[in-house]
Structure formats: C-alpha cells, structure tokens
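Below is one structure, written out as structure tokens; the observations come after it.
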Amino acid sequence: PSSPYLKGKKLLVTAGPTQEKMDPVRYFTNRSSGKMGYAIAEAAAQQGADVTLISGPTALGAPRGVETIYVTSAQEMYQEVIERFEETDVVIKTAAVADYRPKTVSEQKIKKAEGEWTVTFVRNPDILQELGKRKTHQLLVGFAAETEHLQDFAMQKLEKKQLDMIVANNVAAPDAGFSVDTNRVTFIYKGGASKDLELMSKQKVAEALCEELDILLKSRASK
Ligand code: C5P
C-alpha cells in the first residue's frame, strides 16, 4: 500500500441508489449503479483501510475485503450510517440518496383507476448534512451529481453540508456519471481549491481519491 495514513483507518462508504416504496410492488428510485462507490470501497481496502460499505440495491457483487451492509431506503441508510459515525475516521457518501419518498406506503397493491394518479412526496433526511452537524474528528467527503452549473452547485453543497471535500461529476456527459464504467470528476476542497481529473475508469478515480484522502489525513495528523 502507498497510502500510509489511510492504512488502518475506519472508512464508511455509501453507494448505489435508494428505493422508496409506494406499495408492495412499486418504488421510486434513480439510475445510480453503485459502481463508483464499490470501486472506492475496494480501492481503500487495498490500501489497508478498514472499510464498511453501506449499499443500496445494485446488481454488483460485494467488493473484496469490505464489510458490506445492504439497505433499501434512505431512512434505512440513515440509521446504518448514523449508528457507525462516531467510530469512523472518513465518510465517503457516494450514494444517490432519494431526496423524497412517497408520503404514504400502501399495504396493498394500488389498483388502477380512470384518470390521473397523484403521489405526494415528503423530504428524506439529508444524511450527509446531519453528519456535517455531528462531526468531530471525521473527514467528510460528498459527491455531487449535476447536469448543469457543476462547480457552483458542488461548492454550495460543500459549504452547506460542512464537507472537507466534494467530488463533482457531470451526469449529463455520456462517458461519465451514472451506470458507465468511466468518470470525469473534479475534486473540490474546503476553501475552494479544486483539481480537474481527465476521463478515466471508476477504478482509477477511486485510486486517485484514496491518494487525496491520504494527503488530507496526513495534514490532519500533523496539526
Ligand atoms: O442530493 P445531493 O445532490 O445533495 O447529494 C450530495 C451529497 O449528499 C452526496 O454525497 C449524497 O450521497 C449526499 N446525500 C445524503 N443524504 C441525502 C441526499 C444526499 O447523504 N438525503
């Protein structure tokens, strides 16, 4: 391993979409594949970190060397993350958490009827924002998937959620973002410095992120 400061640290990575139930056969979700988060979990484990992955529903096999916990909804993900936060050194929130869930979940399958169907949604808890409020020693890394004003929106999230770093990716580009195996990201740091990475595999992005984490942990250790 070439990341001495990452070695032995407790990492919590979230990945994938969440599913928000409407009835026993229907749910609301998004196009996240989980690939980016799984790649990060595996890369960090290879650097000797103690990694726990909290995963929404994906088609991926469990990453090697990682404790994987499966959840379905945003509320379940919230529980699993909050429970482990205090003992964690670094949190990387790659998951595309649904911002809204249906206000009511029908116990029986909703039957079709004539005319339109209106579903009311309520806000889910923002997990990362809650971690930002609770953080003591933890490094917090967020992801920002946007289709426009990428840098501005990412910077706003970094500040609002009190993050140390945010990884911005343009999900409108065909070779980056959801589902595909490659990504084109920008690392943005607290204070506003940023670094544009070229197009590369999600594995390579994950390795680059591990190197950045090592540097952040190193500068924290020398404070
Ligand atoms: O949804 P948003 O674009 O604000 O997501 C930015 C970051 O916040 C991501 O890292 C995402 O995992 C996290 N997030 C979260 N809980 C939510 C929504 C987003 O932790 N309910």
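Atoms within each ligand, like the ligands themselves, are counted from 1 in listed order.
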Tabulate below the donor-acceptor pairs under 3.5 Å that side-chain atoms of residues 63-70 make, not counting sequence neighbours, or state none.
unit_1: Arg64; atom_1: NH2; unit_2: Glu42; atom_2: OE2; d: 2.7
unit_1: Glu67; atom_1: OE1; unit_2: Thr52; atom_2: OG1; d: 3.4

Each residue besides Phe153 in its hydrophobic cluster should be listed here, by chain and number; the cluster joins Ile, Leu, Val, Met, Phe, Trp and Tyr at side-chain heavy-atom distances under 4.5 Å. none

Give a yes or no on this: more than 12 heavy atoms of other residues, nucleotides or ligands lie within 6.0 Å of atom NZ of Lys135. yes

Only pairs at least two apart or in different chains count here, so list each salt bridge (charged side-chain N to carboxylate O under 4.0 Å, His left out) that has a residue in residues 10-19. Lys10-Asp50

Using a cut-off of 6.0 Å, state whether more than 12 heavy atoms not belonging to Gln129 lie near its atom CD. yes

Give every pair made of an N or O atom of ligand 1 and a protein N or O atom lying under 3.5 Å apart, one pair per line with both atom names and the distance to 0.1 Å, or write 'none'.
unit_1: ligand 1; atom_1: 1 (O); unit_2: Asp99; atom_2: OD1; d: 3.4
unit_1: ligand 1; atom_1: 3 (O); unit_2: Lys157; atom_2: NZ; d: 2.3
unit_1: ligand 1; atom_1: 4 (O); unit_2: Lys161; atom_2: NZ; d: 2.8
unit_1: ligand 1; atom_1: 8 (O); unit_2: Lys161; atom_2: NZ; d: 2.9
unit_1: ligand 1; atom_1: 10 (O); unit_2: Lys93; atom_2: O; d: 2.6
unit_1: ligand 1; atom_1: 10 (O); unit_2: Phe143; atom_2: N; d: 2.8
unit_1: ligand 1; atom_1: 10 (O); unit_2: Phe143; atom_2: O; d: 3.3
unit_1: ligand 1; atom_1: 12 (O); unit_2: Lys93; atom_2: O; d: 3.2
unit_1: ligand 1; atom_1: 12 (O); unit_2: Ala95; atom_2: O; d: 2.6
unit_1: ligand 1; atom_1: 16 (N); unit_2: Ile127; atom_2: N; d: 3.0
unit_1: ligand 1; atom_1: 20 (O); unit_2: Lys93; atom_2: NZ; d: 3.0
unit_1: ligand 1; atom_1: 20 (O); unit_2: Leu128; atom_2: N; d: 2.9
unit_1: ligand 1; atom_1: 21 (N); unit_2: Pro125; atom_2: O; d: 2.9

On the 0 to 90° scale, with breaks at 30° and 60°, tag the Phe121-Phe28 ring pair as parallel, tilted or perpendicular. tilted

